[in-house]
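First up is the structure itself, then whatever we jot down about it.
Labels below follow one simple rule: chain letters A, B, ... track the order of the sequence lines, proteins then strands, and each chain is numbered from 1. Computation of the quantities below employed the complete heavy-atom set of this structure, encompassing side-chain atoms and omitting hydrogens, waters and symmetry-equivalent molecules.
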Amino acid sequence: MTLPLRVRIPDGVMARQVADELVILDLTSGNYFGLDAVGARIWHFLAAGKTPAEACEAMLGEYEVDRDRLEGDLERLLRELGGKGLITLS
Amino acid sequence: MATPPYHEWSMPDGRVWILGYRSGRDYLLRFPQIADYAVAYDGSSVEAWPAPEADRTTVEHLFINQVSPLAASRAGCLLLHASAVRIGDVCVAFAGETGKGKSTLATAFATTGNHLVADDGLQISWDGRQPVAEPGHASVRLWADSESALLPPASRRAPPVQYTTKARILAGETLRHHGQPLPLRCIYILGDGSAGEVRIERVRPSLAALEIVGLSFLLDIGESELLSRHFQQVSRLADAGVVYHLDYPRDYDALHEVCAQLAIHALQDPQI
């Protein structure tokens with residue numbers, strides 16, 4: 001698995017916590033996206049400026065999950081968010 | 001109009017229903033062969049320009065039922081494609097696309113000791129963290145089969161409108177209307193009727209927000225400030241934990257049993 005080195009949340013992408021989940025809106029496209037509680041936690045770390053690798057470490061400290069599986073899930077999520085223009089990957 | 005529309009609203013069968021144009025800072029909503037409505041940029045005023053062949057009743061009805069909610073959305077109000085009823089001291093709403101049975105279910109409630117609050121256009125305001133249902137026009141629109149199944153023949157009908165064969169029934173003795181704001185206890189998003197029995201499931205908050213977006217009146221999705229405000233309101237509503245999926249067999253004989261189960265759910269244990 002190869003996590004991107006950095007992600008950036010573009011201007012015009014808004015996120016709001018709803019209960020323990022998250023709703024994201026891209027003002028440019030008008031597209032909405034929802035994240036479950038785990039995805040919302042990942043977004044929280046990224047929005048706080050953590051790199052994907054740092055977010056992964058933080059998640060390993062919070063959840064009982066195998067590293068390979070977490071990295072795989074994280075990579076898929078980041079690609080999906082990137083594909084929708086909700087983050088940029090580098 | 002010389003410029004192409006910025007948005008088209010379509011009917012379920014694909015026919016164009018509304019063409020939305022920008023007119024300087026303002027908007028022009030065109031219902032082909034019926035009327036143009038000029039909406040101020042901030043939604044504060046609407047001016048109607050009927051087509052020569054349009055009848056006044058239709059033009060007025062479209063203003064109440066379609067244009068006014070869109071204009072209110074531009075003014076920052078949250079409006080859903082939902083019908084709503086008063087049960088006890090609270091309001092419950094039935095949201096969904098056209099044809100899902102919102103008005104029929106609301107009428108079933110409003111003819112059995114409860115009250116209609118709004119039909120197919122529910123404005124939501126706030127009292128602190130509590131969503132509040134604002135009353136709508138005191139009428140309901142029904143297809144003939146629902147009307148004959150639920151209402152006596154002497155019900156007060158409004159004059160027909162030219163774009164649909166749905167009857168417009170005015171509130172009165174048999175269809176009671178509640179004209180004051182009420183706490184909004186539950187929003188039930190209606191399914192397709194494939195359920196064999198009444199099925200109610202709470203919707204996860206993030207999914208609730210996405211579904212509410214799709215069921216909102218929104219005049220201009222290209223206007224960032226408006227979209228941002230709408231996003232905040234939708235998220236707030238999803239966060240209130242009031243959104244459920246509801247499905248039930250579409251059988252008039254079983255409708256009152258559906259109402260009874262819904263009333264129990266809404267009044268006794270809405271968080272399940």
Can you confirm whether more than 12 heavy atoms, excluding those of A:Asp11, are under 6.0 Å from its CG atom? no

With a sphere of 6.0 Å drawn around CH2 of B:Trp49, does it hold more than 12 non-hydrogen atoms of other residues, nucleotides or ligands? no

Does atom CD (B:Glu197) have a neighbourhood of more than 12 heavy atoms from anything else shown, all under 6.0 Å? no

Do you know the tightest heavy-atom contact between A:Val18 and B:Pro205? O-CB, 3.5 Å

Which bit of A:Asp20 comes within less than 4.5 Å of chain B, counting heavy atoms only: side chain, backbone, both or neither? neither

Does atom CZ (A:Arg6) have a neighbourhood of more than 12 heavy atoms from anything else shown, all under 6.0 Å? no

For A:Ala37, is it the side chain, the backbone, both, or neither that has a heavy atom closer than 4.5 Å to a heavy atom of chain B? neither

If you measure from CZ on A:Arg16 to CD on B:Gln232, what distance do you get to the nearest 0.5 Å? 5.0 Å

Looking at OG of B:Ser228 and CG of A:Leu25, how far apart are the two atoms once the value is rounded to the nearest 0.5 Å? 7.5 Å

For the interface with chain A, which of B:Leu237, B:Leu210, B:Leu207, B:Val234 has the highest count of heavy-atom pairs at distances below 4.5 Å? B:Leu210

B:Gln180 CD: over 12 foreign heavy atoms closer than 6.0 Å: no

Taking the side chain as everything from C-beta on, heavy atoms only, tell me whether B:Ser206 gets closer than 4.5 Å to A:Leu35. no

Over 12 non-hydrogen atoms of neighbours within 6.0 angstrom of CD in B:Glu97: no

Parallel, tilted or perpendicular: which describes the rings of A:Tyr32 and B:Phe231, with under 30° parallel and over 60° perpendicular? tilted

